[in-house]
Amino acid sequence: MAIRLTTAEHIRLWTDFRAGSRDAFDELYTLFSDDLYRYGYNLVRNRQVVEDCLHELFLHIHEHRHKLGPTDNIQFYLYRALRRRLTDSAARLAKYGSDLYLFDEANFALQSYEKSLIDEELADEQKRVLIDQLNRLPKRQKEILYLVYMKGLTYPQAAEIMDITMKTVYNTVNIALTSLRMLLTKSRSVVIGY
């Protein structure tokens, strides 16, 4: 489900949560947990690690709510926090020889609400080709496109979540879109038979 809160709604919900409202915490979890899980699972293909990090994140913000600063974009705040937890968890597991991989095999997954947007513009065959070509992009390109175009985050927010510079975000988006255009053109030629 796409989360479409106004800035004022983000601020109100976060403020109520920080003030100790149980209803606000429940609303945060209801609004964001499924989307965060999908994002985390696209980064780390290990359900248990993603679930653990997600539950730890919500437990942490609940326990430390009085110390948390204000935000006008809860989704950005939670994406960044979850990504850091997943990165830390993967690094810890790697120290112990775990075969958990972070981001290497991330696949671009279209969810039902995202699929409905594409349905309006593309025929079924075009959607299949698009998804196939998106999954051929390198992991960093997929993640940036996901954050910016699928989740509606700004370039600075994507840069902060991924801990990269703005220049890297702009360059990576440009390269990803150029590569995607070339892959789609090439695929269209094969499908049509040119």
Side-chain angles (χ1 to χ4, degrees), residues 1-5 10 13-14 16-18 20-114 134-135 137-165 168-169 172:
M1 158 167 118
I3 298 137
R4 301 287 182 216
L5 299 177
H10 276 276
L13 180 58
W14 192 250
D16 290 350
F17 161 66
R18 290 173 52 220
S21 168
R22 176 70 181 174
D23 290 339
F25 179 72
D26 291 344
E27 188 175 349
L28 280 175
Y29 190 84
T30 300
L31 284 173
F32 297 101
S33 62
D34 289 344
D35 199 44
L36 286 165
Y37 178 81
R38 281 190 296 270
Y39 174 66
Y41 188 72
N42 277 322
L43 298 178
V44 177
R45 292 295 179 160
N46 183 312
R47 292 184 191 282
Q48 191 61 51
V49 169
V50 175
E51 287 173 6
D52 289 348
C53 287
L54 185 60
H55 291 139
E56 288 171 10
L57 170 62
F58 276 98
L59 180 63
H60 176 82
I61 66 170
H62 186 267
E63 289 176 349
H64 297 92
R65 65 187 173 279
H66 301 295
K67 298 176 187 176
L68 299 175
T71 186
D72 62 355
N73 189 329
I74 299 167
Q75 185 176 22
F76 165 66
Y77 181 91
L78 294 175
Y79 266 59
R80 184 178 61 187
L82 179 61
R83 189 175 198 279
R84 285 183 183 160
R85 284 187 178 278
L86 289 169
T87 302
D88 292 346
S89 182
R92 276 193 312 273
L93 289 170
K95 281 175 69 173
Y96 300 108
S98 171
D99 61 353
L100 175 71
Y101 47 87
L102 183 65
F103 314 119
D104 288 338
E105 297 298 322
N107 283 318
F108 192 85
L110 294 178
Q111 302 305 324
S112 60
Y113 60 91
E114 296 150 338
L134 282 169
N135 283 326
L137 293 175
K139 60 189 178 202
R140 181 179 275 191
Q141 292 176 15
K142 285 189 285 191
E143 184 178 2
I144 288 177
L145 290 178
Y146 179 80
L147 292 172
V148 173
Y149 291 104
M150 302 305 283
K151 294 294 138 198
L153 297 178
T154 65
Y155 282 31
Q157 290 169 335
E160 191 169 337
I161 287 171
M162 296 180 67
D163 196 26
I164 57 178
T165 66
T168 302
V169 171
T172 304

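Each residue takes its place number in the sequence, starting with 1. Only a predicted model underlies this, so the values are computations on that prediction, with no experimental measurement involved.
Applying the side chain to side chain donor-acceptor pair (under 3.5 Å) test to Glu63 and every residue at least two apart in sequence or in another chain returns nothing. Here His64 pairs with His60, Lys67 under the side chain to side chain contact (heavy atoms under 4.5 Å, CB included) rule; sequence neighbours left out. Shown here are the side chain to side chain donor-acceptor pair (under 3.5 Å) partners of Ser21, two or more places apart in sequence or in another chain: there are none. In this structure, Asp163 has no side chain to side chain contact (heavy atoms under 4.5 Å, CB included) partners at least two apart in sequence or on a different chain. Among residues two or more places apart in sequence or in another chain, the salt bridge (charged side-chain N to carboxylate O under 4.0 Å, His left out) test is passed with Asp52 by none. When the salt bridge (charged side-chain N to carboxylate O under 4.0 Å, His left out) test is applied to Glu51, no partner is found at least two apart in sequence or on another chain. Residues satisfying the ring pair (Phe, Tyr, Trp, His ring centres under 6.0 Å) test with His62, not counting sequence neighbours, are Phe25. Legend: residues meeting side chain to side chain donor-acceptor pair (under 3.5 Å) with Arg84, ordered by chain and number and at least two apart, are absent. Annotation: side chain to side chain contact (heavy atoms under 4.5 Å, CB included) contacts of Tyr149 (sequence neighbours excluded): Leu145, Tyr155, Val173, Leu177. Partners of Gln141 under the side chain to side chain donor-acceptor pair (under 3.5 Å) rule, at least two apart in sequence or in another chain, do not exist in this structure. For the salt bridge (charged side-chain N to carboxylate O under 4.0 Å, His left out) test, no residue two or more places apart in sequence or in another chain qualifies with Arg18. Every side chain to side chain contact (heavy atoms under 4.5 Å, CB included) that Asp72 has, sequence neighbours left out, goes to Thr7, Ile11.
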>> As a quick check of understanding, evaluate side-chain contact (heavy atoms from CB on, under 4.5 Å) for Leu31 and Ile74, giving each step before the final call.
In response: CA-CA 10 Å; Leu31 284 173; Ile74 299 167; over 6 Å; no
> Given the rule in the side-chain contact (heavy atoms from CB on, under 4.5 Å) test, do Leu82 and Leu86 qualify, once you have shown the distances and angles that lead to the verdict?
Replying inline: CA-CA 6 Å; Leu82 179 61; Leu86 289 169; 4.0 Å; yes
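In this structure, a donor-acceptor pair under 3.5 Å is present between the side chains of Thr154 and Gln157. A donor and an acceptor atom, one from each side chain of Asp35 and Gln75, are located under 3.5 Å apart.
Ion pairing between a basic and an acidic side chain is recognised when a charged N comes within 4.0 Å of a carboxylate O; Arg22 and Glu27 show no such pairing.
Using cut-offs of 30° and 60° on the angle between ring planes, the pair Trp14 and Phe17 is tilted.
Of the possible polar contacts, none joining the Ser89 side chain to the Arg85 backbone as a donor-acceptor pair under 3.5 Å is found. In this structure, the side chain of Thr172 engages the main chain of Thr168 through a donor-acceptor pair within 3.5 Å.
Environment of CZ in Arg140: sparse, with no more than 12 heavy atoms of neighbouring residues, nucleotides or ligands closer than 6.0 Å.
Rounding to the nearest 0.5 Å places CZ of Phe76 at 10.0 Å from CG of Leu147. Considering OG of Ser33 and CG of Leu57, their distance stands at 10.5 Å, rounded to 0.5 Å. Tyr146 OH to Tyr79 OH: the interatomic distance, rounded to the nearest 0.5 Å, is 4.0 Å.
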